[in-house]
Amino acid sequence: MPKYDPREIPYLGRCWIKTKALFPGARLIRFPVHIKGAAMIDFGKNLTTGVGCRFDALGPKGCIRFGRDVQLNDYVHITGSSSVTIGDNVLIASKVYISDTSHGAYSGSAEHSNPDIPPKERPLAAKPVKIEPNVWIGEAVSVLPGITIGHGSIIGANSVVTKDVPANCIAVGNPAKVIKHFDRSSGLWERSAGDERKTDERG
Ligand SMILES: CC(C)(COP(=O)(O)OP(=O)(O)OC[C@H]1O[C@@H](n2cnc3c(N)ncnc32)[C@H](O)[C@@H]1OP(=O)(O)O)[C@@H](O)C(=O)NCCC(=O)NCCS
């Protein structure tokens, strides 16, 4: 089976030429791509993206970092003003949102934001995000500021990740909760004894 539809080849050829000119380390960037602060982004090696991705690098150099062989599908939006790190071999489905940034502070010891100030004028507040190697993030997931997703874990489609996810787990839902973990002795993804979903969240 051919990997690409032949009717797509002229478009892909144009994307390949632009990729090599504009993102020499990348494998293939599908255009259009929307980038703020490109010089602050470490694009890693062999990055592949779908169409319409958006990267907003609002902080210092390296505030968004991709490892090797990362693949993003269409319309992935990543915002980094402090640190968003995407590890080697991470696979991200379409319409995923990952951000280390909020307009204002609403928790913690920093001064909290006043609702009389328009949101776009509130100082940005950032909590680093880390997606460890071999993670797979399903379609339309949101990963919120301050989150670490551990090595090899999987986030189910449409989940909202509000708490850290340990390594080698499957987490699903809004808020995302761990339902399975990889058992090295059986080689199977086993149901987690501590499945924290309430009865009415289960199918
Ligand atoms: C997360 C995922 C991999 C889990 O697969 P799985 O382990 O085979 O799932 P199961 O069918 O055994 O489901 C286990 C439980 O999780 C629930 N569940 C699975 N995926 C879910 C999701 N995305 N959101 C909410 N609940 C989910 C199931 O309803 C089931 O609930 P139960 O305990 O009440 O029966 C899969 O469901 C998924 O979301 N895949 C992502 C698909 C995608 O985005 N593809 C893009 C291609 S890059």
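Note that the coordinates shown come from a computational prediction; the quantities given were computed from them, not determined experimentally. Whatever order the structure lists them in is the order used to number ligands and atoms, beginning at 1.
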Seminar exercise, completed: Judged by heavy atoms only, the candidate from Asn174, Asn73, Ile170, Val172 nearest atom 27 (C) of ligand 1 is Val172
For this session: For Ile86 and Ile78, work out which heavy atoms get closest and say how close.
Result: CD1-CD1, 4.3 Å
For this session: Consider only side-chain N and O atoms of His151 and Ser153, and report whether a donor and an acceptor are under 3.5 Å apart.
Result: no
Exercise. Should the proximity of Trp136 to ligand 1, defined as any heavy atom under 4.0 Å, be assigned to the side chain, the backbone, both, or neither?
Worked result: side chain
Problem set entry | Best match, Arg191, Glu139, Lys180: closest heavy atom to atom 43 (C) of ligand 1 | Glu139
For this session: Name the orientation class of the two ring planes belonging to Phe43 and Phe23 (parallel below 30°, tilted from 30 to 60°, perpendicular beyond 60°).
Result: perpendicular
Exercise. Below 4.0 angstrom, N of the basic side chain to O of the carboxylate: do Lys95 and Glu139 qualify?
Worked result: yes
Exercise. Do Ser113 and Arg122 get their side chains close enough for a donor-acceptor pair, meaning under 3.5 Å?
Worked result: no
Exercise. In terms of atom number and element, which parts of ligand 1 are under 4.0 angstrom from non-hydrogen atoms of Gly138?
Worked result: 44 (O)
Exercise. Do any heavy atoms of Ile179 fall under 4.0 Å from ligand 1?
Worked result: yes
Problem set entry | Polar proximity ligand 1 side, Ala93 side, N/O cut 3.5 Å exclusive | no
